[in-house]
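Since the structure comes first, as structure tokens, the remarks are kept for the end.
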Protein chains: 2
Amino acid sequence: MRPAPGAKPADPGARTSTESVRPSRRAGLTRGDQLLFLTDAQLRQGVELMFFAYRDMISDADKVLESRGYGRAHHRCLHFVWRRPGMSVTDLLETLAVTKQSLNRVLRQLVEDGLILSAVGAADRRQRLLTLTPEGETLVRTISDAQNARMRRVFMEAGADAVQGFKTVLAGMIDEGGREAVLALVNDQGPS
Amino acid sequence: MRPAPGAKPADPGARTSTESVRPSRRAGLTRGDQLLFLTDAQLRQGVELMFFAYRDMISDADKVLESRGYGRAHHRCLHFVWRRPGMSVTDLLETLAVTKQSLNRVLRQLVEDGLILSAVGAADRRQRLLTLTPEGETLVRTISDAQNARMRRVFMEAGADAVQGFKTVLAGMIDEGGREAVLALVNDQGPS
DNA sequence: CTTGGCCAGTCAACAAGGCTGACATAAAAT
DNA sequence: ATTTTATGTCAGCCTTGTTGACTGGCCAAG
């Protein structure tokens with residue numbers, strides 16, 4: 001879904017079944033470590049691959065959520081509360097980058113359904129510190145397992161170097177303001 | 001600040017159910033080409049990075065769309081019609097993986113606004129073959145340019161090998177049924 | 001040739017989950 | 001005492017997903 005105007009030829013690299021585009025390296029711009037000759041078509045491919053891969057990855061979670069009557073918004077809440085037990089509503093708001101009204105609607109449901117606990121903060125009593133109930137954790141883990149199956153297979157097939165490149169590029173795509181905080185969260189082991 | 005309605009969040013996924021065990025589990029499996037120690041935490045990182053990177057990548061397109069009063073669904077239509085001029089509604093439906101009713105609403109708007117042309121098929125008169133008007137193409141290119149700026153910077157910084165790995169992993173994440181068709185579209189130079 | 005089945009596309013109605021704005025309250029900060 | 005911060009909530013709108021019912025073209029069997 002995201003476009004990119006095209007340019008010229010490409011050279012199909014080939015790695016997976018059909019291919020994956022090998023950036024042609026030619027004498028052109030040297031940029032730090034690599035000689036990358038980036039055509040618009042190559043950039044477009046990156047954007048389109050993100051669209052399709054993301055779309056299919058999410059479908060794994062959707063299947064589990066569907067049976068419980070929840071949507072993706074519920075999953076996002078559950079996931080991050082699981083990753084950062086005791087986080088405040090504001091923390092969650094910033095992580096998700098949505099408005100508090102949107103979040104609150106979903107959060108209220110999860111608390112009512114007994115998947116999330118909302119406790120008044122000890123230090124700052126205005127805050128509501130969020131944690132998962134055992135039932136909430138069970139659901140999160142069920143969804144995770146479904147998604148991990150896909151990731152594990154792909155990572156195995158692609159190999160360690162490809163996985164490293166994958167993570168490097170994705171990290172670079174995150175908005176600079178806030179990238180550090182996001183990467184800190186992602187890299188945090190958390191209480192698993 | 002973001003008009004995004006049907007956004008799609010990714011979902012965080014994460015470990016299997018090892019419960020409160022520190023993720024130091026490395027069942028050293030060697031697998032063909034690489035030594036990959038895939039802990040649940042590593043898989044979770046992949047899923048979370050997809051969520052954040054996708055979210056921020058899309059925001060580039062959102063900014064352009066916002067000013068015209070369109071949403072992501074409009075962009076997806078315009079993009080793929082641009083990539084495959086003359087495609088039928090059914091073709092587009094399959095590419096986007098949404099219901100035809102959802103698509104039709106958006107498509108109707110774009111036709112009314114003069115961004116897309118809908119022509120009765122010559123061979124099968126039930127079909128409506130879609131193409132972009134010059135105005136539609138202008139919009140698509142504007143959005144592409146915005147997204148390409150991000151991708152170009154990231155690809156440059158990451159280097160050719162990382163980009164290769166990135167594309168390999170994403171290709172592998174696409175659902176197997178239909179993966180070939182998707183990769184064929186992605187790799188098609190089209191009439192850019 | 002007509003009729004019934006199937007397929008492409010359209011229209012109608014509803015739900016999820018984004019958004020903004022206005023307000024209320026409690027607690028912390030000044 | 002006043003202001004700021006953290007949170008919750010109501011109302012209302014928009015995009016975009018869904019299911020169901022319907023139109024009209026294509027085609028093949030009777």
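Applying the 4.0 Å criterion to OP1 and OP2 of dA27(C), one finds that R125(A) has a side-chain N or O inside that range. For dC19(C), the OP1/OP2 oxygens have a side-chain nitrogen or oxygen of S102(A) closer than 4.0 Å. Of the side-chain N and O atoms in T99(A), one or more sit less than 4.0 angstrom from OP1 or OP2 of dC19(C). For the pair N104(A) and dT9(D), the criterion of a side-chain N or O lying under 4.0 Å from OP1 or OP2 is met. In terms of phosphate contacts, H74(A) brings no side-chain nitrogen or oxygen within less than 4.0 Å of OP1 or OP2 of dA16(C).
Rounded to an integer number of Å, the gap from CE of M87(A) to C1' of dA6(D) is 15 Å. Put simply, CD on Q109(B) is 13 Å from P on dC11(C), counting in whole angstrom units. The CZ atom of R105(A) sits 12 Å away from the P atom of dC10(D) (whole-angstrom rounding). The interatomic distance linking L96(B) (CG) with dG17(D) (P) rounds to 8 Å, in whole Å. Distance, Q127(A) CD to dA28(C) C1': 11 Å, rounded to whole Å. Regarding D62(A), its CG atom lies at a distance of 20 Å from the P atom of dA15(C), rounded to whole Å. In this entry the distance linking CG of L103(A) with P of dT20(C) reads 14 Å, nearest Å. Spacing between atom CD1 of I58(A) and atom P of dA16(C) amounts to 18 Å, rounded to whole angstrom units.
In this structure, of dC11(C), dA26(C), dG18(C), it is dA26(C) that holds the atom nearest to the side chain of R126(A). In the set dT10(C), dT16(D), dG18(C), dT10(C) carries the atom at the smallest distance from any side-chain atom of R128(B). Proximity note for R76(B) (side chain, C-beta onward) versus dG18(C), dA6(D), dT16(D): the nearest is dT16(D).
A123(A) comes within 4.0 angstrom of sugar-phosphate atoms only, judged by non-hydrogen atoms across all strands, and of no base. Using a 4.0 Å heavy-atom cutoff across all strands shown, G69(B) reaches sugar-phosphate atoms only and no base atom. Note on R108(A): only backbone sugar-phosphate atoms sit closer than 4.0 angstrom, heavy atoms only; bases stay farther off.
Under the 3.5 Å distance criterion, with hydrogens and angles disregarded, no donor-acceptor pair is assigned to the side chains of T90(B) and E94(B). Between the side chains of D62(A) and S59(A), no donor N or O sits under 3.5 Å from an acceptor N or O.
Between Y70(A) and A122(A), the one whose closest nucleotide on DNA chain C sits nearer the 5' end is Y70(A). Mapping K100(B) and V98(A) onto DNA chain C by nearest heavy atom places K100(B) at the nucleotide closer to the 5' end.
Under the 4.5 Å side-chain heavy-atom criterion for grouping Ile, Leu, Val, Met, Phe, Trp and Tyr, L185(A) is connected to L93(A) within one hydrophobic cluster.
In summary, E135(A) and R68(A) engage in a salt bridge, as defined by a charged side-chain N under 4.0 Å from a carboxylate O.
Below the 3.5 angstrom threshold, one finds no donor paired with an acceptor across the side chain of R72(B) and the base of dG18(C). At a cut-off of 3.5 angstrom, the base of dG18(C) holds no donor-acceptor pair with the side chain of Q101(A).
Tested against L139(A) for a side-chain contact (heavy atoms from CB on, under 4.5 Å), the candidates L110(A), T133(A), V64(A) yield a single pass: V64(A).
Residues L170(A) and M50(A) form a side-chain contact, since some pair of their non-hydrogen atoms from C-beta on lies under 4.5 Å apart.
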